[in-house]
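Right, one structure below, let's go through it.
Sequence lines set the chain letters: A, B, ... in the order given, protein chains first and strands last, and positions in each chain run from 1.
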Amino acid sequence: MKMEADLIAGFKEKTNKMLGFYTEDAKLSKSYIAVAFIALLVGGFLGLLQGLNRAGLLELPTWFNYYQVLTAHGLLLILVLTAFFTIGYFYAALSHNLGGLLPKVRKLAWIGFYVKLVGFVLAVIPILMNEASVMYTFYPPMAAHPVFYIGLALIVVGVWLCCIGAFIQVANWRKNHKGQHVPILSYFATGVFVLLFFALMFVAVEVLFMIIPWVFGWVDTINVMVARTLFWAFGHTLVNIWYLTAVSAWYVVVPKIIGGKRWSDLLTRVVVIALVIMNITGGFHHQIIDPGINAVVKFMHVFMSLAIGFPSLMTAFALFAVFERTARRKGGKGLIGWWKKMPWGDVRFLAPFIAMLSFIPAGAGGIAQSTNQLDQVVHNTMWIVGHFHLTLGMSVVMTFFGISYWLVPFISNRVLTPQINRLGVIQTWIWTIGMICMSGAMHYVGLLGSPRRTSYTTYGDHATALGWDPYLMLLAVGGTLLIVGVILQVYAVFNMMFFAPKGETEFPIAEEEDNATKTPYLTERWGIWIVVMLIVVAMAYVIPLTEFIVNAPPGSPPFKTW
Amino acid sequence: MNQSFYGLLLWIFLVAPPVANFMESVMVIHMHMQMPMLVIAGMLMARFFQKRFSGFFEIWNSNGVPGITLFIVIMVYWMLPRTMDEALTSHLVEGFKFISLPFLAGISLRDSWKKLNSFGKNSIIISFTVLFLGLGWLYIWSPVQLCNNYLVFQQVTLGWGFLTTSIGMVVYLGYNFFIDPSAYE
């Protein structure tokens, strides 16, 4: 009897390996994804509170005020949700692509998991105590309780461990597969972890060597401009890491789901390399309004920022090429008639597709904001919040949602049922309408001058401020729809994780087209691309940083503005 | 042919007075952006000259050593503070800059690099790393103004430009030294 059970277990293990499924690794990814979606649930509710407050519908109590809610909302959604999802997703890809995680890599990822959780708990305590209402950034001269920064530093360490694990995994695979290209999804993972690794260095320097000594009182003042610059070198890169994660699914997974093939392997890899090289320097366009950077340098950075738009245009071209080719192969006709052949009823396609579409206005808004004169109008307004929700809340997160409908069943050894698929389609439309209302209202009310980072006020019933109210109401309507979307999504994820029928789900990875040209091996030489990246970073940062340090003002003591 | 044409376009763009004036207005952009870009323009144009005068390169630069020597001489010459100053004051010297960097340094670098063995290549990179570290040290800690045309502050910025570039080169050398490509490829 026992022998039979062993035999069945052994057989199951073998089939799983054939499918690229490794039980231990799946448990790891499942834990990461579960944390990500719990963060979505809590963070989403906090977002709703903010939206209702901004519309003047809800007065938050003094013991849990608007700025506390904002800080927690930001921390949960832009740090926890994104980091945990990205790592869970890419570790699943590394495991599936590269023959299972090495035991030491898995261990590193688990240690990273717990270090991040401990860091997160440490960061949340001062927020709940209203000691860290700094709106989730490391942005002097506002200073939070030291424990908040220690918690964030631990999150950084946790992510670093996952980066190192990924590097070990990829290097090991390459040693055993000489001369081969790293499978495409793992290639994206490598790019993302390289970016994370270097971007985190900036923020680590800021937090460890500048902010922590300052909040503990070991030094009296901080160089605000240097700190902000280091913050954005990290912050902007982080934003693009989410984007690159979403892009990986657009290039690799979506073509498979629609029954097509990947369009160009070389183009895909060049896009990854270009984003890795040019990303960190983009941080400066977040500082266009900052004093202390002269116009010449700001002008130079317009080029550096717009350069990042170029790979995105390549992406748009490649993806629409895939769509059209696939649809025509299926019998689609006409200039735009082929659209009818796309699988609109499949949430695994619909969600990422709408996410892609939303990136067109989102990217255009980003280009507007990195232009000096245009940014002067919108920089401190709700426009920026709208932009952020359109890019992260739609382009990135909707792709993550789309991924969850096959990734969660895959790592849980279950299947996506037609009911959950239908639920997903409904969720996608609710989310789309909600986000269009909310982000659209934010953009517009921002143009009318409504400031960001501010709780509801009518400025003594000033006529201009009262004129914002209808838009703020629309914002709250959007926010309410979004929370419905959050609940449906979280329900779907946990249903697929624990209750859906057992079965095998495929990890969808599209193949290259038949007549594809061979990709040159140069794309695998990460050492060279990292050196190029470092030199580009030096080009961008040496001039302003030297100026901030050599001609430094007296510096600022910590401020508690709340 | 195509890349030679783009090289020519880049060269014309760099020489155009508004671009040149802008790039020369900041010391570090002058030395670390304009000058390397001129060399790159020359490297792109090199293909045209290699095809046109293949015999010349074969006779005079068969092992790459004469070419790389010329490259080093030109590069070191333009790293002297005095020469940069002169390029800003005298049109003749400025003209020499626009010609020497692409046509003497850029072309000879492209023609020589592939002909050098790995020892030669590494020695060149190591010597430039050392040179950059030295110049970085000089420009950052020099108590006096080294260029009449630039403030001491600009000089410090250039010094950091040298140091960060040399860090990039050290990383590259480390990568070359510690990572054996044959283990992966």
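For the atom pair A:M539 CE and B:I29 CD1, the distance stands at 9.0 Å (nearest 0.5 Å). Atom CD1 of A:I528 is separated from atom OH of B:Y172 by 5.5 Å, given to the nearest 0.5 angstrom. Going from atom CD1 of A:I543 over to atom NE2 of B:H32 covers 10.5 Å, rounded to the nearest 0.5 Å. Here the CD-OG1 distance, from B:Q155 to A:T546, works out to 12.5 Å after rounding to the nearest 0.5 Å. Atom CD1 of B:I167 is separated from atom CG of A:L534 by 9.0 Å, given to the nearest 0.5 angstrom.
The side chain to side chain contact (heavy atoms under 4.5 Å, CB included) test with A:V542 is passed by exactly one of B:L163, B:T164, B:L158: B:T164.
Contact annotation for A:E547: both backbone and side-chain heavy atoms come within less than 4.5 Å of a heavy atom of chain B. Of the atoms belonging to B:M33, it is side-chain heavy atoms, and not backbone ones, that fall under 4.5 Å from chain A. For B:V28, the part sitting under 4.5 Å from any heavy atom of chain A is the side chain, from C-beta outward, and nothing else.
Environment of CG in A:L522: crowded, with over 12 heavy atoms of neighbouring residues, nucleotides or ligands closer than 6.0 Å. The 12-atom threshold is exceeded at OH of A:Y521, counting heavy atoms of other residues, nucleotides or ligands nearer than 6.0 Å. The environment of CZ in B:F56 is sparse: at most 12 heavy-atom neighbours from other residues, nucleotides or ligands sit within 6.0 Å.
Minimum heavy-atom separation, B:Y175 to A:W526: OH-N, 4.3 Å.
If you tally non-hydrogen atom pairs under 4.5 Å between each of A:R525, A:E524, A:M533 and chain B, the highest count goes to A:R525.
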